[in-house]
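If you're wondering where the values come from, they're calculated on a predicted model, not measured in any experiment.
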Amino acid sequence: MSMRTLPLLFLNLGGEMLYILDQRLRAQNIPVDKAQKVLNDIISTMFSRKFMEELFKPQELYSKKALRTVYDRLAHASIMRLNQASMDKLYDLMTMAFKYQVLLCPRPKDVLLVTFNHLDAIKEFIQDSPTIKHQVDETFRQLTETYGGLSAGEFQLIRQTLLIFFQDLHIRVKSCNSGCLLKVENYMEDMGRRESSYPLYMPFQTFWILYLCVCSIVTK
């Protein structure tokens with residue numbers, strides 16, 4: 001088990017959570033200012049300096065229950081509220097998406113590139129807040145310092161640790177009707193842009209699976 005896996009797991013799952021919440025806010029026609037406040041509040045909490053300092057300390061992965069609790073609190077760090085069923089589906093989709101990305105990484109080190117890709121997209125969600133953007137930039141720096149010099153063997157151990165964490169997670173993929181597909185059209189276009197940034201580790205099949213899954217998120 002690698003003691004350097006937790007930051008990669010947390011940041012990638014957090015990135016997936018933000019993608020999904022952004023699309024649900026758009027689909028429900030939430031006013032732009034309120035939707036932006038939700039995303040800014042969550043990102044600010046997620047990348048708080050104190051938490052990042054603790055996160056990057058060498059340590060074992062959190063238990064699945066503890067990690068789920070972290071994301072429950074993170075998702076409610078703003079004015080938005082999710083019911084239990086919505087949070088369950090949100091977390092299922094987050095974990096399925098990142099698990100699939102890890103499985104399809106051609107090389108173990110590509111897990112780091114996946115993480116950089118998520119952080120790039122998170123920065124695009126931030127509006128009118130240089131302070132929050134600086135928080136994300138600081139996390140970029142920490143990632144580079146922490147993982148830039150690791151060997152291929154160390155990245156292989158990180159990848160194995162992630163796969164062990166995910167091995168008992170089996171998420172049902174529900175198909176959706178045409179109305180749901182229309183709701184996530186922009187989501188797919190955005191993910192297509194993410195794919196083009198790093199085509200080596202983000203095959204298009206990933207997005208079709210997410211296409212079918214994202215509509216199962218029901219936010220109330």
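- Closest non-hydrogen pair, Arg68 versus Tyr91, comes out as CD-CG, 3.7 Å.
- Considering all non-hydrogen atoms of both residues, Ala75 and Ile42 come closest at O-CD1, 3.9 Å.
- Across all their heavy atoms, Asn40 and Ser129 have their closest contact at ND2-CB, 4.2 Å.
- Nearest heavy atoms, Arg159 versus Cys105: NH2-O, 4.0 Å.
- In this structure, the side chains of Leu8 and Leu143 come closer than 4.5 Å at one or more pairs of heavy atoms.
- Using a 4.0 Å cut-off between a side-chain N of Lys or Arg and a carboxylate O of Asp or Glu, Glu54 and Lys57 qualify as a salt bridge.
- Among all heavy-atom pairs drawn from His76 and Leu82, the shortest one is NE2-N, 3.1 Å.
- Gln36 contributes a side-chain N or O that, together with a main-chain N or O of Phe125, makes up a donor-acceptor pair within less than 3.5 Å.
- Under the ring pair (Phe, Tyr, Trp, His ring centres under 6.0 Å) criterion, Phe10 pairs with Phe51, Tyr71, sequence neighbours left out.
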_From CA spacing to verdict: side chain to side chain contact (heavy atoms under 4.5 Å, CB included), Leu67, Leu13_ = CA-CA 10 Å; Leu67 190 65; Leu13 289 178; 3.8 Å; yes
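- Taking the six-membered ring for Trp and thresholds of 30 and 60 degrees, Phe155 and Tyr147 have ring planes inclined between 30 and 60 degrees apart.
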*Before giving the answer on side chain to side chain contact (heavy atoms under 4.5 Å, CB included), spell out for Glu16 and Leu93 the whole-Å C-alpha distance, their side-chain angles and the decisive distance to 0.1 Å.*
CA-CA 8 Å; Glu16 292 300 331; Leu93 182 53; over 6 Å; no
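- When all heavy atoms of His118 and Gln101 are compared, the closest pair comes out as CE1-OE1, 3.2 Å.
- A distance-only check finds no donor-acceptor pair linking the side chain of Lys123 to the backbone of Asp137 [under 3.5 Å].
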